[in-house]
Number of protein chains: 4
Amino acid sequence: MNKIKIGLVGTGYIGRCHAIAYAQLPTVFNLQDKIELEYLAEISPELAAKRAKEFGFRRSTANWKELVSDPNVDVVDICTPNFLHKEIALEAIRNGKNVYSEKPLALTANDAKEMYLAAKKSGVKTLVGFNYAKNPTSQLAKEIIANGEIGEVIHFYGTHNEDYLANPNTPIDWHCYRKFAGLGALGDLGAHIVHMAEYLLGAEIDSVCGDTQTVIPQRPSPEDPNKFCTVENEDQASALVRFTNGVMGTIETSRIACGRKMGLSYVVTGTKGTLSFTQERMAELKLYVHNDPSNRQGFKTLLTGPEHPDYRPFCISAGHGIGFNDQKTIEVRDLIDGLLNDKPIYPDFYVGYHVSRVLEAIALSASTKSWINVSDI
Amino acid sequence: MNKIKIGLVGTGYIGRCHAIAYAQLPTVFNLQDKIELEYLAEISPELAAKRAKEFGFRRSTANWKELVSDPNVDVVDICTPNFLHKEIALEAIRNGKNVYSEKPLALTANDAKEMYLAAKKSGVKTLVGFNYAKNPTSQLAKEIIANGEIGEVIHFYGTHNEDYLANPNTPIDWHCYRKFAGLGALGDLGAHIVHMAEYLLGAEIDSVCGDTQTVIPQRPSPEDPNKFCTVENEDQASALVRFTNGVMGTIETSRIACGRKMGLSYVVTGTKGTLSFTQERMAELKLYVHNDPSNRQGFKTLLTGPEHPDYRPFCISAGHGIGFNDQKTIEVRDLIDGLLNDKPIYPDFYVGYHVSRVLEAIALSASTKSWINVSDI
Amino acid sequence: MNKIKIGLVGTGYIGRCHAIAYAQLPTVFNLQDKIELEYLAEISPELAAKRAKEFGFRRSTANWKELVSDPNVDVVDICTPNFLHKEIALEAIRNGKNVYSEKPLALTANDAKEMYLAAKKSGVKTLVGFNYAKNPTSQLAKEIIANGEIGEVIHFYGTHNEDYLANPNTPIDWHCYRKFAGLGALGDLGAHIVHMAEYLLGAEIDSVCGDTQTVIPQRPSPEDPNKFCTVENEDQASALVRFTNGVMGTIETSRIACGRKMGLSYVVTGTKGTLSFTQERMAELKLYVHNDPSNRQGFKTLLTGPEHPDYRPFCISAGHGIGFNDQKTIEVRDLIDGLLNDKPIYPDFYVGYHVSRVLEAIALSASTKSWINVSDI
Amino acid sequence: MNKIKIGLVGTGYIGRCHAIAYAQLPTVFNLQDKIELEYLAEISPELAAKRAKEFGFRRSTANWKELVSDPNVDVVDICTPNFLHKEIALEAIRNGKNVYSEKPLALTANDAKEMYLAAKKSGVKTLVGFNYAKNPTSQLAKEIIANGEIGEVIHFYGTHNEDYLANPNTPIDWHCYRKFAGLGALGDLGAHIVHMAEYLLGAEIDSVCGDTQTVIPQRPSPEDPNKFCTVENEDQASALVRFTNGVMGTIETSRIACGRKMGLSYVVTGTKGTLSFTQERMAELKLYVHNDPSNRQGFKTLLTGPEHPDYRPFCISAGHGIGFNDQKTIEVRDLIDGLLNDKPIYPDFYVGYHVSRVLEAIALSASTKSWINVSDI
């Protein structure tokens, strides 16, 4: 292939973010003429046509099945609500399409496995939208860890906390129903920090012990504020984890954590140093190196710049700042690069499946009050 | 006009930034079909063609005079080195083109005045690239001040410090020569903070007392590290200022300030509160309100989100982060909006001219060791 | 009693801290003539005499049994290594002395229980040195929580991480042996954060699930760097906890956490707000209140001052700063106040015993890989 | 001398702080039996006796003249309102007493000069209470600068801003009258940052250009809220300065700076690095060193600990925190050490006099709108 033709399914919050990434990609990464915004699917012909115009896509449809079988589509980009990921992905794979799916890959680990295996069997390339790992700052964190600059990792603490459902009067929405969302905070947010943990350490989580809670068990119906509906999944979750290499870790997630607006954060402790990061200050990485002289020790605030991974194409000056959509642009660059040059793409459906297993293990562990091996999921 | 045709002159650092802004603009602000990347000028046909391809422009030329007189160009976007701004802008105005120029508007206040008067006389619209004022966080600061939330402003402290010439072994470049750059740190960086001061306070600076220094008087030639060339303008400058409304202020700028990578910062003190900001944490505004209960007082860190100006089109979730190029995208939106809807555009050449007068007053003040009225420049 | 006569046993690190607290106490809290530094015990007559002179005590002895039975001693202050706490405390209680003991109360929960029951039976007053709870900033946190300013607490995350054993070449010391220290990081540091959790929430932890690790299993002998000795207790520990009121929490502690010098920290999330604190910035409490207007939300940094608990006696100006020893001075004030005015003193041996149970439950849980009820310890 | 007998005059805010310092001094610095709290003067016999009891002084008087001529007083410690400093100091010097005076040394530079010359002539030792320079963190800053770790200093920015008079309804007090306070914010707060600048750089300020403003020209009488009294000195001041070594600097001070509770701060920029500090985080020094690898550059947060000057006597663990009174304790240690061992004491009356000249030069400069040489004051 020397030009990648995109078929986008779904144009809500995250679909719009993908569209912005596609828009700036050619200029940022010098990929003019390498992508074509070919086809867009939404739930009605009108909305599909409207979004196609807004996002710069050539054609539109109200039937995603037409899109996933269209000969002029190279990659199906799935930005629908979570419960549709599986069906669309499987149909796309059946049609030999490469698939770029938002996280979480599916509502259950079993569904994710089916998707992973289908892709593996068919040989198509896949990508899951764990975009925070594309932030140059977190890429830098991975580089520092891989270089051994903090020695061997001995502890990981990570969170993805937000407060979008902190107000008990916020009406119930799809996030709160198992059939639409699967898990609650774990599926929506926990997926990111579980992935980040495994990405940074280069090791999988292999056992977990979790605790979860639905703090606000009922929420008003969006139609009738006097009618209350049951929240079916967890508002917050915490888990002790162990990685395959024996490293201890703790992971926490919440959708009701007042004040945390983009609360993906991590502290990675090694035998010789420590890294600390929060996505709310997405351009800053704090690095402590233990062998500094004892009277000159301290956490150094690295401000991401052109010396760091994937920053320079956006700006040649340090500290000028990468935004949320820029992360997605790097993710899309990885997709296009993988397809154009027939290279592996990370993180693929295997990774997405593994993350789903970890999340499901945490949920199961919480209900059984016991440690669970991820391999048992 | 119902579609704006862009002619871009210059494709270095900031030209590339404009190109990224143009690329994402239609999708972010729903302006598909409202702009055309029409014409691009560079110093050779080959480079012009190469950049036109990379940036998605239709045509290219090695002769900017062809561009500024082209009937299919609505706005001339000047991203050349500073010393060319005047000639290109005047020629564009002569051809009835609207002009979007990078800062500083010109090498001297007199030149800037000529440009401002030419634009005024011809009736074309103008815009100067003081992009930091487009950051949603600084727009929020302006809103808070304008609302009176911090009472009446009584003090302004602002800096724009960077360290791109901190190393004395860094070879001399165009920034250091009067004929190419005009002023030194004042022209390159000070322009931004002087503009920001006037933007935030809604008042002009009318007298100044400055001090400047060329700390590193000679730098190696880029061709021959053993040959040393004279630096002709200031490395750092500080000034006491007074605004038309009597408010006291202090402004500092440096290009040799070790560790400051994007050191545009301000503290605005009012009778009832205070705002504090640094561009290195471009999504955070610290707000103190004095009438909180005495045991609950403190600076609150506001994290920019969709409730704040011009953030929502990029992302509907708070705290997800705007990047440097996103500021430029908002600036370009203002340009397109002004042209499409025949509205005033801010900051125009008058503003750019006034900023140049302030900077020149600071430089003159430093050499005469006396207070200078800006109106005397 | 109208004057409290102190008998101090042990003058190492923490004993010296007590001595400084006693020294400034009368002036800070206007308690001149209310305490007498009566008697001091150390391991040799020479050291005892030397320290008595340095710390301003009237008499000294190399036999702590003389001290605990001396008729002129009202309170026995135990600053010895941990393994001696029990014996000295029991003997002091037997002699009818009030007892002020450093944490952890004892090497095991059973020992702590014996001490608690002995004190209860005899009716003497007791105090355990959980001094971080005396920091005006953490007292403020408790006040804010108790007021309901952050709604009902729904989550607690706390750490006490330090790096005093981070270097694997640091020779083994008493902290690493069960017979001298009992637990490792849990006993030395975890005790503080477990206490803080219960203090802040006003609720006990009633079940735990922990994980622990001895990352550096052997350390060089202090006598012979080529000889390696076995570390007998944990370097780091994490635990999921549940409080009696059902609140979820996570607690972590480490003595090998590179870069954490005074890493006692907590984040307390409520239904209406959040508090965040780290002892390294011991004068700052971050408070988020969810019902601020949506475009003015954010964490406010409260800087401790005279409007906050127990700050004013040190300084009448806000933000001037309380130091580590000042916390201890407040603790000692609580001791003297309780004895002079026959009031309850907090935290007493019951609290110390309960903290020991929680720590031991975490350790047991880690070894059995299961949840443990604290009441089963 | 082998024991220093203290005579304290004045027991308000800062007198109390001195008393706390004296109280903990012997224990912290192992100086038992080296000081005697001999004599205390206040405005009435009752208050003097009360404070003597509270602060642990042996004798008291309502007549400071008795104190300064008492044969058993070695050093007169002046903590009175500013306008009394001169008379008491001169009388004490006349009696051959060493003098420890709070800042500002006097209401005018001329008065300060008279005091300095009197002390010089009589040969007594003097000390001025610029206690912020005794903070271990600022001592560390000085050490780093003196070591050349940030190269040669090229710029100093410093503030001492507070908000104790920010509310226009706060009744007028002695700070606002020339006859009681001399200068306004400059004298009360500016003195500290001017001293800090000269201390850190090891160079004097030799010319200044200032601007000042009385933002709130009238305040209610403390007796009658409907009666308004004229504020006679400046609420805020800013100045460009040059040091003897040619270094540029800017100094700002305000007593109406909303939100700044202990706003003494500085940024010292050198040719090879930068230091940044604010007293509100009095244990943290941020250090940037330019020759770190370009992808590992950043400000490192040094947390004061036992490896740094004068911290260890307070605590042997890093990051545990020094408080405001601990600075004063170090200052008093310097006093006692200088007297016991007949060593120079810093900062003495010469330094206090020089600071007064700088402050007066700033005020004069503001009224004449011109640069002023400090030597002309």
Side-chain angles (χ1 to χ4, degrees), chain C residues 12-14 16-33 37 50-57 135 162-164 259-264 278-284 301-305 311 313-329, chain D residues 12-14 16-33 37 50-57 132 135 162-164 259-264 278-284 301 303-305 311 313-329:
Chain C
Y13 168 36
I14 200 68
R16 201 156 181 288
C17 171
H18 284 225
I20 295 172
Y22 290 130
Q24 70 168 344
L25 174 80
T27 308
V28 172
F29 285 108
N30 197 6
L31 290 168
Q32 294 286 353
D33 298 330
L37 305 184
K50 182 169 184 286
R51 287 283 188 267
K53 180 166 187 308
E54 287 173 11
F55 293 178
F57 277 74
N135 180 351
E162 299 196 8
D163 66 1
Y164 62 83
R260 267 61 57 93
K261 302 303 176 187
M262 200 334 102
L264 182 144
T278 172
Q279 184 74 21
E280 291 188 355
R281 288 179 174 166
M282 64 181 285
E284 292 182 23
T301 302
L302 308 178
L303 201 58
T304 323
Y311 177 101
F314 293 92
C315 183
I316 62 172
S317 296
H320 279 51
I322 294 285
F324 174 70
N325 294 323
D326 297 335
Q327 297 177 165
K328 212 73 192 175
T329 306
Chain D
Y13 169 34
I14 200 70
R16 200 156 181 288
C17 171
H18 284 224
I20 294 172
Y22 290 130
Q24 70 169 342
L25 175 80
T27 307
V28 172
F29 286 107
N30 197 8
L31 290 168
Q32 293 285 353
D33 296 330
L37 304 184
K50 180 170 186 284
R51 287 285 188 266
K53 180 167 189 305
E54 286 173 14
F55 293 178
F57 278 74
Y132 298 106
N135 181 350
E162 299 196 6
D163 67 1
Y164 62 84
R260 267 62 55 94
K261 302 303 178 189
M262 198 340 101
L264 183 143
T278 171
Q279 184 74 21
E280 290 187 355
R281 288 179 175 167
M282 65 181 283
E284 291 182 22
T301 302
L303 203 57
T304 322
Y311 177 101
F314 293 91
C315 184
I316 61 170
S317 296
H320 279 49
I322 294 286
F324 174 70
N325 294 323
D326 297 335
Q327 296 178 164
K328 213 71 192 176
T329 307

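Just so it is clear, the model here is predicted, and its values are computed rather than measured. Order of the sequence lines fixes the chain letters, A, B, ..., with proteins taken first and strands second; residue numbering starts at 1 for each chain. Scope of the values below: all heavy atoms of this structure, side chains included, with no hydrogens, waters or symmetry mates.
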- Taking atom NE2 of C/H18 and atom OG1 of D/T27, what is their separation to the nearest 0.5 Å? 13.5 Å
- With a 4.5 angstrom heavy-atom cut-off, could you sort out which part of D/F57 is near chain C: side chain, backbone, both or neither? neither
- Task: Check whether any side-chain heavy atom of D/Y13 sits under 4.5 Å from a side-chain heavy atom of C/S317, and report yes or no.
- Result: yes
- Among D/E162, D/E54, D/K261, D/Q327, the residue with the most heavy-atom pairs under 4.5 Å to chain C is D/E54
- Greatest number of heavy atom pairs closer than 4.5 Å to chain C - which of D/P26, D/A283, D/A23, D/C315: D/A23
- Item | Nearest-0.5 Å distance, CG of residue C/L25 to CD of residue D/Q24 | 12.0 Å
- Query: Does a side-chain heavy-atom distance below 4.5 Å link D/D33 with C/K53?
  - Reply: yes
- Note on the structure: Closest heavy-atom pair, D/F324 versus C/H320, reported as atoms and distance to 0.1 Å, is CB-O, 3.0 Å
- Item | Which portion of D/E284 sits near chain C, non-hydrogen atoms under 4.5 angstrom | side chain
- Atom pair OG1 (C/T301) and CZ (D/R281), whose distance is rounded to the nearest 0.5 Å: 6.5 Å
- Query: What's the spacing between D/L303 CG and C/M262 CE if we round to 0.5 Å?
  - Reply: 10.0 Å
- Value rounded to 0.5 Å, distance of CE in D/M282 from CD1 in C/I322: 10.0 Å
- Item | side-chain contact (heavy atoms from CB on, under 4.5 Å) partner of D/I20, the single match among C/T329, C/V28, C/D326 | C/V28
- Ignoring hydrogens and geometry, is there a side-chain-to-backbone donor-acceptor pair from C/R16 to D/F314 under 3.5 Å? no
